[in-house]
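Here is the structure we will look at, set down as structure tokens.
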Amino acid sequence: MTFQPQPGVTYTLNSEHVVGFKTDPLGTSCGSWDNGPCFADPLGYYSVNPIGPVWPQMPNYTGNTSTNLVDVSCGARGGTCASQNMPVEVCLAESGTACTNSFNTPPYWLLATTSALFGLCPAPAIASVTPNIWFAGQTYSVTVTGSGFITPATATPACPVSAVDAQLGIARTAISGVSVASATQITFSITVPDGYVTEAAGVTVTNSNAAPANFAKLDLLGLPQILWKGNVVSAPVTAQQQAVVGQQLALTTTPTAATLAALPVPLTFSSTAPNTWTVTGGTNIGGYTATTASASVTPMPPLTTPNLTFYSVYPAGAVDLTYTYCISGQTTCPAATASFAVSGGGNMASNPFNFLTIDQLVPCVNGVVPTGGGTATPYVAYGNLVGYSCLVTYPPSIFGISFTPSGAPAGGTYSYVQLINSDDPWSTMGSTKNGCTYTIGVDLAYPYKGIIPGTNPPQAEDAPNDSLTPGYVETRTFNASMFLLWTPSGSGSIAVPIGYQTWGSTGGAQQEDGTWVASIGEPAPGPIGAFVQSSDETQTGPPALDYGYPVWSGPATCN
Amino acid sequence: MRHLLAPALLWTAVTAFSQTAPFTVALSAARAQVVAGDPVDLIVVMTNISDHDVDCTVNASNALDRSYTYDVTDGEGKLVPKIEKKYHGGSSVWPCVLKPGQSDTPGGGRISVLYDFSRPGKYTIQVSRPIGGDDQRPETVGRVQNNRAAVQSNAIVVTVLPKLEAAEPK
């Protein structure tokens, strides 16, 4: 029957009945967890405060110093009752916006009972739960010790056998083989499903509906999670993640050391079996640092930390990762896996001029175009240059060689770096030979500055030239490798090598009957060999490579 | 009276120029402190602060951009002589245009190929870039000459330590 208490009226229960407060209006089903309450409370009796005086005391959730009350809309989960915005869930722990551990307010509250029917049962008290660390995916035989447990032998209609309940996260989980062996020991078996994150779990022992239950908290260690850009990318996520070469793969994991320390049974990562990553597939590095002064590749960082940041340099169908963590004092080490498909690539075409020419350029004075125009003098150039020795006019100047990129994914940026492999110039007149000794290195600066104005994507060029001194024979053997790099957009990205083209300019000029004549040596000016697609290659060079990256220790000089 | 007017006129000219310079030049050292014998590398970044395109041609020769004029003085304020070389060296001239507001990629180069930094001490370095024709507009540098004004960079100090001192732990 439905009983509607009225304000200011005292009611006495004389018959063997119980007066309860059914939180759901009859005939309705609220949308809260476990059909929890979603109802009007005209008398203001309702309370979910564990220490509230009005209603039966809530279970004792040891260690909780605060709770969050969650309103659940009555329309959730197919609910049909009218929403009164009553709090229905006490959230004990949150992760982000999700409640990861909670209990629900009972849908049924006792108002009054007769002692004949609902005599007080002994209050159960849990002293320990063994084991108190549960790993997801494992099956445990659990022993609960304590006092006040009601065995089949001591059970009465009013005080039936103690009930045992296990809660993982926000859900009660099936247990089996429950045996209340004595007033001080209960055993049961539980298989912890996969899919739980690391959080608190609980075991509740209840002696009938009149006595307060007793609750013991313990640790649930879920499978680790691998997160990328704030999203879980490990199982149960099965989709392979899409990345591009050079994109920062900054991976974090759960649980963290802080998470473990905050568990009911505080835990730490094992110091003897550290967290480990395995990375298979792809060419992976920790970073690439390049300035004019030097360039180097940072190998993969230690694979023994909870977080891992690295870069995949070349396209790969699958870069597979496994992360494993171990807990101090535990032998079970949960693992998570994730996989990335890395796309990228590209190409670089060279456009060589193939000739040395004698060009008339106006010499600059201290690097400056001379006032009043000046007088042109001869230069030998790889290409065909017009203008000044410090300022060529383009067009109509023709560069010795130019390079055009293509094929990289959209959204990134091309850049170049040129390494001078050799440069051997000589000015010879009789027994007088003037030259220099070269050191290999980067051509002036990183990144390469010889970008043809107005080109998009940027095209690189070079047109080395030498001034000609009457009476001298000028020769020069020049060999360089032009590297094409590509940097994806996005924070933390690094440049990756696409490939390189080695080229050279061998030849010189001498006067014949007072006229300067250019001559070409071997190999002829232009590309030397084919374009080399970068790959995981390390060589001292020249050009020097590490993981296929160009590396150097300063600019090339000729002194 | 003429002697008094000359500095004032010069001050006026410099002020007017600084207000109309089409670009800036920022100078830094790759390493502010080196050991004698180590190379001294400069990083020069040019920024177009005008409302039009600016020429930023690079004249690369022996690891140094010769589009800039480099002034190096020692601890006593004396100009450091250039290193004399019999071989003039080749070069590459790379045309370059900066759009308004744009900065060039780092340039400059190895100043120690041009100046002798073998003596320990403090060296003050400043670079400048002449403003060409039509306020450095591309393709006008050779046609129109301004009054040879140049944009000065900030000055930096590079300390060269003796080899022995650097090798001893402190």
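Order of the sequence lines fixes the chain letters, A, B, ..., with proteins taken first and strands second; residue numbering starts at 1 for each chain. Owing to the predicted nature of the structure, the values given are computational and were not obtained by experimental measurement.
For residues 41-83 of chain B, the set of pairs meeting the ring pair (Phe, Tyr, Trp, His ring centres under 6.0 Å) definition, not counting sequence neighbours, is empty.
With rounding to the nearest 0.5 Å, the separation of CG in B:D41 from OG1 in A:T291 is 8.5 Å.
Looking at A:F399, the atoms closer than 4.5 Å to chain B (heavy atoms on both sides) all sit in the side chain, from C-beta outward. Contact of B:V97 with chain A is made through backbone and side chain together, with heavy-atom distances under 4.5 Å. Heavy-atom distances place no part of A:D423 under 4.5 Å from chain B, backbone and side chain included. In this structure, chain A has a heavy atom under 4.5 Å from the backbone of B:L64, while its side chain stays farther away. Heavy atoms closer than 4.5 Å to chain B are found nowhere in A:S397, neither backbone nor side chain.
Using a 4.5 Å cut-off between non-hydrogen atoms, the part of residues 549-559 of chain A that approaches chain B consists of A:G554, A:P555, A:A556, A:T557, A:C558, A:N559.
Between A:L444 and B:G108, the shortest heavy-atom contact is CD1-O, 3.6 Å.
If you tally non-hydrogen atom pairs under 4.5 Å between each of B:P39, B:C56, B:S91 and chain A, the highest count goes to B:S91. If you tally non-hydrogen atom pairs under 4.5 Å between each of B:K99, B:R66, B:R110, B:R129 and chain A, the highest count goes to B:R110.
Formation of a donor-acceptor pair under 3.5 Å by the A:K449 side chain with backbone atoms of B:T105 is found in this model.
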